[in-house]
Structure formats: structure tokens, C-alpha cells
Enquirer: 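I have a structure here, written as C-alpha cells, and I will follow up with some questions on it.
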Amino acid sequence: MKTYGYYPGCSVRSTSKAYERTLLDVCKVLGLGLKEIEDWNCCGATAYFGVDKAMAMAVSGRNLALAEQQKFDELVTPCAGCYLTLRKANEYLKDHPNDHINKSLDRVDLHYGGTVTVRHPLELLSSEEALKAMAAAVKRPMKGWKVASYYGCQLVRPYSDMDDPYQPLIMDRIMEALGAQAVDYPYKTRCCGGSLTGTVEDVGFRLVYMLLSEINKHGANAVATSCPLCHFNLDAYQSKVISRFSGGFDQAGGRRLEPLPIIHFTQIIGYALGLELKTLGFKDLMVTPGRLVAAS
Amino acid sequence: MEISRTVKYESELDKDFGNRVMELSGCHKISECIQCGTCSSTCPVSLYMDYTPRKLMAMIKAGFKDEALRSQTIWLCSSCYSCTVMCPAQIKITDVMYSLKRMAIEGGIYPKKAPAPALAKAMADIIARNGRNSEMGVVMEMSLKTNPMNLLKMAPMGLALIKRGRMEIKDFYHRDKIKNRRQLHDLVKGLKKEA
């Protein structure tokens, strides 16, 4: 069994604990080893690039160097923000081996030789092999689940090579392998607002509304996410967004937006694979998939 | 009724501004912008911006430094990179936005009471200090610098998260830290010296 380096990031240790728990459980069932790299630091996300570019590259460089020192050639992170930031820094540090950022890393015993590849669990769990293993291990066929897979932006572009930057399919394939119906819709990678929901609420909420509205229109009864921030925006702000816009009515069809369970994709896999219900953390969600669980 | 000139004289422009932005962002392709507007049409927030990304690219090239650095646009960019992927001239527009944000912060002309720059600065400070981010710490620092009432407004959300085990009371005062903070602080110092 191959063991990957694992980089959790901050969100799965606070508001998205169920994401990490189910990720680790699911990987164990499917025989994928994840070992947390020691003493990792936060990636700085998009915020750091707007304040200090050299530091933004260097803090991610520290994580890449640590992974290399701890003998990992692949580093897996469940957060799309961490994924983009680590990949962006990785590309830069490899392309500029003699610049001051690499030299500064060298001086504090963090020489980075550029041997690490950054990956996201979605990529590992959607390989042909993993899909077959998953399909064979399904214990709770997901009858009646119509899942809209929401990928968000930073996981699929521009430093990513896992799927199409606008019309990705890998999460949909996982949902289908588990027996759910994958719902197609046009906004799979449109921005969820990122931190705008907390900084410029009017704009952030409008972006969340447009996503929820499209997802509703295409008949989904659940949403799968692959990023803690996307999940937070859709899950935690959903009720506010529905009540704020159009009096709760979808502008296009005049239908009322249905509050949907917004679920980390690993929670869904864990459910289908028959993991114990209380370990899945469905109760942590603002809208639980209770009805779907009861019906399937 | 006060009448004032709304068009700049060429002598008022900062002719070298475009070059500095290209240097800082590592993106020399700005000079190849053909003003097609693909960036503005794919941008999910362009309809809220004072200058759309297309317009901003032209302003950078022409030397409208003050307008570019004081624009709301740069603080509305959510870094979704759609423009960067779509741009037929391969301009890394998202990175250009980052450069403008940094120039605005360094020049002290960012909107002091706006939450977006406050959030970015708070997060960078906390990570440079502790090596670990704190979602609660960032929200608290951002709110105290811009609008403390924000904390009250967010209280119901906080309670809902605590109820579901997604936030803890200790998040208010406890700050996660990495073990080797000395290494991180030496890294910060070394980079500052280089700059």
C-alpha cells in the first residue's frame, strides 16, 4: 500500500471536521495510506498573495520542503485553497531554483529540490481502480439521491491538471459509481464567493444564490463539495441567502429554492460504503440529508 | 454646480506604472492585451466592480496609477482564476490583481475600513507569527479593525456552529502554533533582508 503525505490545512481542523474524519475513514477502507506531515504550517491561501508574494511562496515552500524531507513524493490536501496555493508555489519554486525565495529556504534548512507533487483526494478517489473498488464495496446503494457535484474554482484551475477547468466530471463519476444520480448543471466551477461572504456580503451572497438557484433548477436533492470553503459558503449561508433573495423565490422559474443538504463528498462515499452513520457527521450539517437517508 | 475636468492630461499619468506592475506580477503579457473583454465577461463579480478587469488592464498600460490602486475592483476579485484561464493573450490577471493589492497596501492607499484588505492582512500576520491560521482569530481581527458590530451580527452563526461541534469556545482564545516557529521567523527575517 502506498502512503501519501497528508496536508490537512486549517479548515478541516475547525469548521469542516467531518470532512477530514470521513476522508481518513474512506481512504482506510479503500487501502490508501495518508500520513500527516510533521509540523506543517498554514498555506496562506489567496490572502497572503495580496499582502506579500515572497512570503506567500515561502510559507508554502516550507511545507513542500518538509514533505520532501519526510520522504514523500506526493502530498495530498483536501482543501482546494491549499491545493492551489501549494501547486502555485511548487511551480514557482521549481521554475526559479536560484531566486531569493529558494535561497531563503536553503538558509533555514528547508532546501526544496522540487520532487513533490501536490494532489487532491478527489483525484485519487476517482481513478479507474478506486472507482471499481468503490462500486464493489457499496453497502448502501444510494437510491433516490440526485447529487449535484460542485467543484468550485481553485481545484480545477489554473495550476490543476486533474480535469477540465470548467466542465469537470470526476466527482460525478464517483457519485455514479456509488449508485447515485449525477446531476449536470452549468455552474460546477463558478465561484462560491470565497471570503467575499464575510467581507462584501452582498456580493458573496449573490454568488451563493446563483449557484443554489441553478442546482435547484436542475433537480438535485443534494450537493457534494470538494472544498471546505465552498462547503461553508453553501452550507452555512444557505438559509440566509434563500431568505434574502427574491423573497426566497427563484427569479427564473418562480419556484421556491429548496434548502438542500450540502455534503462533503467523502461523507457521501462513507455513507455508501456503509460506514457507521454517527461517524459520518451528517448531524454537523445545517441541512441534514435525513430524508434521503431514510428513503434509500 | 461645480464643474471639473473629468479627463486626465497625459502629463498627470504615471507612465512607468505599467512596467512596474508587469515586473511585480511577473506578467509581461499585460502589454499584449487586445481589450477583447473575455476577462470581464467570465468574471463572476465584474458587474459589481468600479472598473472591469478589461478596463483595468487598459488603465495599467496607460499609467492610471491612482485610479487603479484605489479601485474597489482589486478587493472584489475573489481569485477564481477564470479570467487567467480564458485570456487569449495569456495575461495572468489574477496575479496582476494581487500585485495591485500589494502596491495599494504598501502605498497606504487601500480602503482602511473595508473588510477585504483587513482580512488579508490579519491572516498574513497570524500565519507569520504562529505558522497556523485561526479562522476565529482572522474574523475577530478583521472585525475589530473595520466594524466591531460585525461580531454581534455573526453571533447566531457562531452559536449554530458551536451546537454542531464545528466551533469551540476555546477558538476564541486558543491559537494553534507550529513547533518550529524559530525557523519560520528566521525565514521571514531572511526574506525581508533580501528585499
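Computed from heavy atoms alone, side chains included, the values below leave out hydrogens, waters and symmetry copies. Numbers restart at 1 for each chain; the letters A, B, ... are given by sequence-line order, proteins then strands.
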Enquirer: Give, as side chain, backbone, both or neither, the part of A:V200 having an atom under 4.5 angstrom from any heavy atom of chain B.
Expert: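 The side chain, not the backbone.
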Enquirer: Between chain B and each of A:E38, A:R107, A:K103, count heavy-atom pairs under 4.5 Å; write down the option with the most.
Expert: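 Counting heavy-atom pairs under 4.5 Å, the top option is A:R107.
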Enquirer: Do any of residues 85-106 of chain B come closer than 4.5 Å to chain A, heavy atom to heavy atom, and if so which ones, in number order?
Expert: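 Near chain A, by residue number: B:V85, B:M86, B:D95, B:Y98, B:K101, B:R102, B:I105.
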Enquirer: With a 4.5 Å cut-off on side-chain heavy atoms, are A:F232 and B:L161 touching?
Expert: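 A side-chain contact under 4.5 Å exists here.
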Enquirer: Most heavy-atom pairs under 4.5 angstrom with chain A, which of B:K163, B:M167, B:M157, B:K189?
Expert: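 Counting heavy-atom pairs under 4.5 Å, the top option is B:M157.
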Enquirer: Go through A:C10 and B:R132 one step at a time and tell me if the side-chain contact (heavy atoms from CB on, under 4.5 Å) criterion holds.
Expert: CA-CA 7 Å; A:C10 62; B:R132 289 281 169 89; over 6 Å; no
Enquirer: Heavy-atom pairs under 4.5 Å with chain A - which of B:N133, B:L47, B:I126 has more of them than the others?
Expert: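 If we count pairs closer than 4.5 Å to chain A, B:N133 comes out on top.
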Enquirer: Under 4.5 Å heavy-atom distance to chain B, tell me which part of A:L84 shows up: side chain, backbone, both or neither.
Expert: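 For A:L84, the side chain is the part near chain B, not the backbone.
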Enquirer: Please state whether the side chain, the backbone, both or neither of B:Y81 comes within less than 4.5 Å of a heavy atom of chain A.
Expert: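 Both backbone and side chain of B:Y81 come within 4.5 Å of chain A.
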Enquirer: So for B:L76, is it side chain, backbone, both, or neither that comes closer than 4.5 Å to the heavy atoms of chain A?
Expert: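 Contact with chain A is through both the backbone and side chain of B:L76.
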Enquirer: Do the charged groups of A:R13 and B:E135 touch, with an N to O distance under 4.0 Å?
Expert: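 Salt bridge flag = no for B:E135 with A:R13.
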Enquirer: Which heavy atom of A:K53 sits nearest to which heavy atom of B:G26, and what is that distance?
Expert: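 Closest pair (atom of A:K53, atom of B:G26, distance): NZ-N, 4.4 Å.
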Enquirer: If I compare all heavy atoms of A:Y48 with all of B:A128, which pair ends up nearest, and what's the gap?
Expert: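 For A:Y48 versus B:A128, the nearest heavy atoms are OH-CB, 3.5 Å.
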Enquirer: Looking at side-chain heavy atoms only, is the closest gap between B:R164 and A:M286 below 4.5 Å?
Expert: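 Side chain of B:R164 against side chain of A:M286, heavy atoms only: contact under 4.5 Å found.
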Enquirer: Step by step, work out the side-chain contact (heavy atoms from CB on, under 4.5 Å) result for A:R157 and B:C80.
Expert: CA-CA 8 Å; A:R157 64 177 175 251; B:C80 83; 3.9 Å; yes
Enquirer: Just give me the residue among A:V108, A:V59, A:D52 that pairs up with chain B most often, heavy atom to heavy atom, under 4.5 Å.
Expert: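 So the answer, after comparing A:V108, A:V59, A:D52, is A:V108.
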Enquirer: Is any NZ, NE, NH1 or NH2 atom of the basic residue among A:D235 and B:R166 found under 4.0 Å from an Asp or Glu carboxylate oxygen of the other?
Expert: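 Looking at A:D235 and B:R166, the cut-off is met.
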Enquirer: Given a strict heavy-atom distance threshold of 4.5 Å, which part of A:T15 is in contact with chain B: side chain, backbone, both, or neither?
Expert: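 Both parts, backbone and side chain.
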Enquirer: Considering non-hydrogen atoms only, spot the tightest contact between A:S104 and B:L187 and give its length.
Expert: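 The answer is O-CD1, 3.7 Å.
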Enquirer: Below 4.5 Å, heavy-atom pairs only: which of A:G281, A:S16, A:G194, A:S11 has the largest tally toward chain B?
Expert: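 Most heavy-atom pairs under 4.5 Å with chain B: A:S11.
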Enquirer: What residue, out of B:G190, B:A160, B:A124, has the most heavy-atom pairs lying under 4.5 Å from chain A?
Expert: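 With the most close heavy-atom pairs to chain A, the winner is B:A124.
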Enquirer: Counting only heavy atoms closer than 4.5 Å, note whether A:T189 contacts chain B via side chain, backbone, both or neither.
Expert: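 Contact with chain B: none, neither part.
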Enquirer: Which residues, numbered in order, of residues 176-183 of chain B come under 4.5 angstrom of chain A by heavy-atom distance?
Expert: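 B:I178, B:K179, B:N180, B:Q183 fall under the 4.5 Å cut-off.
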Enquirer: Heavy atoms only, distances under 4.5 angstrom: which of B:S82, B:P115, B:G131 has the most pairs with chain A? Name it, please.
Expert: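 Option with the top pair count is B:S82.
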